[in-house]
Amino acid sequence: MEFDKQGADALMEITSRPELVFTNGAGSWLTDHNGKRYLDFVQGWAVNSLGHCPPDVVRAINEQSARLLNPSPAFYNQPAMDLAKRLTSASCFDRVFFANSGAEANEGAIKLARKWGKLNRKGAYKIITFEHSFHGRTLATMSASGKAGWDTMFAPQVDGFLKAPLNDIDAVEKLIDDETVAVMLEPVQGEAGVIPASNEFMQGLRNLTRQKGILLIVDEVQTGMGRTGTLFGYQQSGIEPDIMTLAKGIGGGVPLAALCATEAVSCFEHGDQGGTYNGNPLSCAVGVAVFDAITAPGFLDTVKARSDQLSEGLIKISEKWGMKGERGSGLLRALLMDRPDGAQIVSIARDLEPEGVLLNAPRPDVLRFMPSLNVTADEVDLLLQVLDQIIATIRG
Ligand SMILES: *Cc1c(COP(=O)(O)O)cnc(C)c1O
């Protein structure tokens, strides 16, 4: 099939894309417009938690779309209530507000914290976030993010976000004043290059925020829904945050996000929050199917087994080629290279014949791996083997 140049030119140019059109997907594999297949270790940026077009999700879409698409968020619908009950019973949270993207869920978390500050902390509104963090692309979530250059990109920023270095509890404490309402972080910084917050730091933040009477918000857009090997990332440090956001994996490829909060913090009043598509039955029915698959007996054990396999394989590659090791949590992992070969490896892997491999380099010297949570042992082995061959080719 010919590449649709006119179609490509009709789209806004927001990133450099290869001249490929993906037409089909199944599990860990994508097929392009020429029929070439690709092993996918990007999965829509950790979105397709069950792989491409998983039968459970396809069934949920078909059944729900034939029954009810959207009665409006001003009415109850059963899939939204079913998914909210599942999320609250599996977590430390009591209430859920559904959204359509991670950025929108985080906007909701920021609004909820500010509202809580208005009611309980004399109008405190400042939120401490972290250097290199990523919380989304709306104005407030860009302001919350710690990405280099983002502070001036669409100036002026939304006010009230102070940045601390990750894993430095003293730096956080120094930034807290009477106007501070919350600390917000990713349990593992994904876009920054897969940098985990230590368990000690998470526990330290929980103690500090309790002591100061402010909120702890976890952005689990990337780490939630089984990605780290537990259902939610915060569970690994044994803490209970006040607010959590979810997106990416919860929709299994369909736009869906959630803002979860404890009863004490769920202080929105009528008119404070809403959205035309929020909590629509189609997306929520998919969320129920994804939730049930991820919480099925044994599923997370398999995630842990694949995670160990990937981690051990990456350590071997790192040792063989004199790299700097690997890091991550569950099936969100990174190989730390000793040179800025990331972009070259990504493009060689994609162009391999007869089958390509899709990888991501969030930094020039870091490769990130976020396969589907049900990736097979053979697929992980194949990835490791191909990666080793590519590195051998580059290094002669
Ligand atoms: C992807 C991501 C977001 C933004 O989610 P969108 O659905 O792209 O708006 C926010 N926070 C984290 C941690 C993410 O990984």
Side-chain angles (χ1 to χ4, degrees), residues 12 14-15 41-49 97-113 127-147 150 153-154 158 161 163 166 182-197 202 205 216-228 232-234 236 241 243-260 275 277-280 283-284 286-287 290 327-334 360-363 366 368-373:
M12 279 198 197
I14 50 124
T15 186
F41 268 61
V42 177
Q43 288 287 358
W45 264 257
V47 159
N48 305 310
S49 35
F97 172 77
F98 290 112
N100 308 289
S101 71
E104 191 194 356
N106 285 337
E107 283 272 345
I110 293 163
K111 283 172 65 176
L112 188 62
I127 299 180
I128 297 168
T129 58
F130 291 87
E131 292 169 4
H132 309 296
S133 63
F134 180 79
H135 297 295
R137 292 177 176 279
T138 60
L139 282 173
T141 56
M142 280 188 82
S143 304
S145 298
K147 272 181 95 130
W150 275 28
M153 206 187 272
F154 296 102
V158 175
F161 296 98
K163 310 291 183 315
L166 190 69
V183 175
M184 173 169 170
L185 83 165
E186 303 157 80
V188 180
Q189 288 188 336
E191 304 306 305
V194 191
I195 306 174
M202 295 291 281
L205 280 181
L216 180 61
I217 305 172
V218 286
D219 174 351
E220 297 237 18
V221 167
Q222 195 157 146
T223 53
M225 299 311 293
R227 177 57 53 185
T228 66
F232 306 114
Y234 77 81
Q236 306 214 359
I243 298 176
M244 169 176 76
T245 55
L246 300 168
K248 294 201 166 90
I250 191 178
V254 164
L256 177 63
L259 161 62
C260 308
Y277 295 115
N278 295 53
N280 73 79
S283 298
C284 290
V286 172
V290 170
R327 68 181 169 219
S329 190
L331 285 174
L332 178 57
R333 310 212 72 85
N360 165 250
R363 286 186 176 195
V366 174
R368 176 170 49 169
F369 307 90
M370 34 195 169
S372 71
L373 301 181

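Treat the numbers as computed from the prediction; the structure is a model and nothing was measured. Positions are given from 1 along the sequence. Both ligands and their constituent atoms are indexed starting at 1 by order of listing.
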| query | With distance as the sole criterion, is a donor-acceptor pair present between the side chains of Q222 and Q189 under 3.5 Å? | reply | no
| request: To the nearest 0.5 angstrom, please state how far the CZ atom of F97 sits from the OG1 atom of T245. | output: 13.0 Å
| request: Taking the side chain as every heavy atom from C-beta outward, state whether M370 and N360 have any atom pair closer than 4.5 Å. | output: yes
| remark: Per-atom filter on ligand 1: closer than 4.0 angstrom to a heavy atom of S101 are 7 (O), 9 (O)
| Side chain, backbone, both or neither: the part of E220 lying under 4.0 Å from ligand 1 by heavy atom | neither
| query | Any N/O of F134 closer than 3.5 Å to an N/O of ligand 1? | reply | yes
| request: Can you measure from CD (E220) to CG (N106) and round to the nearest 0.5 angstrom? | output: 11.0 Å
| Do A247 and ligand 1 have an N or O pair less than 3.5 Å apart? | no
| Heavy-atom side-chain proximity of I217 to M244 below 4.5 angstrom | no
| query | Can you check whether F98 reaches S283 side chain to side chain, under 4.5 Å on heavy atoms? | reply | no
| field | N106 neighbourhood, listing ligand 1 atoms whose heavy-atom distance to it stays under 4.0 Å | value | 10 (C), 11 (N)
| field | Nearest-neighbour protein heavy atom for atom 6 (P) of ligand 1, which is reported as residue plus atom name and distance | value | G102 N, 3.4 Å
| Numbered atoms and elements of ligand 1 in range of K248, under 4.0 angstrom, heavy atoms | 1 (C), 2 (C), 3 (C), 14 (C), 15 (O)
| Proximity of W45 to ligand 1 by residue part, where a heavy atom lies under 4.0 Å | neither
| message | With heavy-atom distances below 4.0 Å as the criterion, list the atoms of ligand 1 near E186. | response | 13 (C)
| task | Determine whether M202 and L185 make a side-chain contact, defined as any pair of heavy atoms from C-beta on separated by less than 4.5 Å. | result | yes
| said: Could you tell me, atom by atom, which parts of ligand 1 come under 4.0 Å of a heavy atom of A103? | reply: 4 (C), 5 (O), 6 (P), 9 (O)
| said: For atom 11 (N) of ligand 1, tell me which residue out of T141, L246, D219, L256 has the closest non-hydrogen atom. | reply: D219
| task | Using a strict cut-off of 4.0 Å, indicate which atoms of ligand 1 neighbour a heavy atom of Q222. | result | 15 (O)
| query | Going by distance alone, is a donor N or O of one side chain under 3.5 Å from an acceptor N or O of the other, for T228 and Q236? | reply | yes
